[in-house]
Structures are given as C-alpha cells and as structure tokens.
Amino acid sequence: MAAWHDFFVAEVGASAALVGLLFVALSINVTQILKYPWLPARGAQTLVVLTGALVEASLLLLPGFVKPVAAALIACAAIAWALSLRLVLSFVGGLASQLEISVPRSWTWGYFALAQVATVPPIVGGAILFSGNPAGNYWIAGGLLCAFIFALGNSWILLIEILR
C-alpha cells in the first residue's frame, strides 16, 4: 500500500475540496435548483458520490491489515452506490415525468450508466483487495477518478447551466 499512499492523499484532498465547492454551488443556486423538483436529487447524488470518494480514499490511508480496511471500503462503497442509485432513479424519474424539458431516452440511460461507473469500481476493487490481490487498487483509483469526472459534470450543470 505504500506505493499508493501519495495517490490516496491527493484523492482525499481533491474530494474534500470538491465537496466544499459543491456546497457553494448548491447554496448559490438553491432558488434555481428548487424550481425543478428533480434537481435536488441530482445535487444530493453528487454530494453522495464525492463523499463516498472522500471516505474510500481516507480508508486506504489507514495503517494496518488489508482485509479489515478492504471490508470497510466495500461497506462504505456499497452504501454510496445504494444511495446514489436511489437518487439517480429519483432524478431520472422526475425528469421523465415533467413536461418542461424534452430529454431523449438515451440521455437518461447514459446518465444512469455514468452514475454506476462512478460508484461500482471501488466495490469491485475492495473485493479484489480483500482477496489479497493489490490490483484492486487500480479499480479503486479508476473509480475515484470516474467519480470526480461525474461530480464535476453535475456540479457544472448545478452551478452554470442552470442559469441559462
């Protein structure tokens, strides 16, 4: 795990900064966000994904045996995935039921798929680490990077695009 230390330290810092920026984005545009009943779920999902990334990277900085850390990582990542899934279903369902904005079905399936890519890899990586294979770190790292990309896209929409 020593080879991964600096990477996970950087991920903790980045995710903490992004969580703070997301709070600013949400507070600046809270009136606009609340105009659309489906957007609060998108904001909450973005917060869940970033908080999951923060906790997951933090866990990998803990000293000690790999199996307990991997088990805790799997549990936290599974919670983040379940919450994210619930929120993405709420967002997509709300978006589909409204009449103001026409959204292609392929877009909603794409958003759903991106949400999974942002949350599932740490679960897989944690399971691989639990089995004793350090290659799980690559899955976790990829998942964290995907979570950041996903969250940055959502944050852009909640901060900038909502004002158009």
So Leu89 and Leu85, side chain to side chain contact (heavy atoms under 4.5 Å, CB included) or not? Walk me through it.
CA-CA 6 Å; Leu89 292 174; Leu85 180 62; 4.2 Å; yes
Would you please test Phe150 and Tyr111 for ring pair (Phe, Tyr, Trp, His ring centres under 6.0 Å) and show each step?
CA-CA 9 Å; Phe150 177 79; Tyr111 183 78; 5.5 Å; yes
Please determine whether side chain to side chain contact (heavy atoms under 4.5 Å, CB included) holds for the pair Ile140 and Leu129, giving the CA-CA distance in whole Å, both sets of side-chain angles, and the decisive distance to 0.1 Å.
CA-CA 10 Å; Ile140 296 164; Leu129 275 182; 3.5 Å; yes
Step by step, would you call Trp38 with Gln98 a side chain to side chain donor-acceptor pair (under 3.5 Å)?
CA-CA 9 Å; Trp38 63 89; Gln98 57 84 36; over 6 Å; no
Could you walk me through whether Leu144 and Phe8 satisfy the side chain to side chain contact (heavy atoms under 4.5 Å, CB included) test, starting with their C-alpha distance in whole Å, then the side-chain angles of each, then the deciding distance to 0.1 Å, before giving a yes or no?
CA-CA 10 Å; Leu144 293 174; Phe8 290 121; 3.8 Å; yes
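Hydrophobic clustering of Ile, Leu, Val, Met, Phe, Trp and Tyr side chains at less than 4.5 Å, counting indirect connections, keeps Val120 apart from Leu87. By the criterion of side-chain heavy atoms lying less than 4.5 angstrom apart, applied directly or through intervening Ile, Leu, Val, Met, Phe, Trp or Tyr residues, Tyr138 is grouped together with Leu73 in one hydrophobic cluster. Val117 and Phe148 sit in two unconnected hydrophobic clusters of ILVMFWY residues. Membership requires side-chain heavy atoms under 4.5 Å apart, directly or through other members.
Ring-centre distance between Phe112 and Trp107: not below the 6.0 Å cut-off.
Residues Ile149 and Leu152 fail the side-chain proximity criterion, which asks for heavy atoms closer than 4.5 Å. Proximity of Ser106 to Trp109: side-chain heavy atoms (C-beta onward) are nowhere separated by under 4.5 Å. Two residues are said to be in side-chain contact when any heavy atoms from C-beta on lie closer than 4.5 Å; Phe91 and Leu39 meet this criterion.
Judged by distance alone, the side chain of Asn137 and the main-chain N or O of Pro134 form a donor-acceptor pair under 3.5 Å. Remark: side-chain polar atoms of Asn29 are paired, donor with acceptor, to backbone N or O of Leu159 under 3.5 angstrom.
Rounded to the nearest 0.5 angstrom, Asn154 CG and Arg42 CZ are separated by 4.0 Å. Here CG of Leu59 is found 11.0 Å from CD1 of Ile74. Values are rounded to the nearest 0.5 Å.
Evaluation of the side-chain hydrogen bond (donor to acceptor under 3.5 Å, both in side chains) test over residues 79-96, restricted to residues two or more places apart or in two chains, returns Gln45-Ser84, Trp81-Gln116.
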Could you list the donor-acceptor pairs under 3.5 angstrom formed by side chains in residues 14-28, with sequence neighbours left out?
residue	atom	partner	partner atom	Å
Ser15	OG	Glu11	O	2.8
Ser15	OG	Val12	O	3.1
Ser27	OG	Phe23	O	3.1
Ser27	OG	Val24	O	2.9

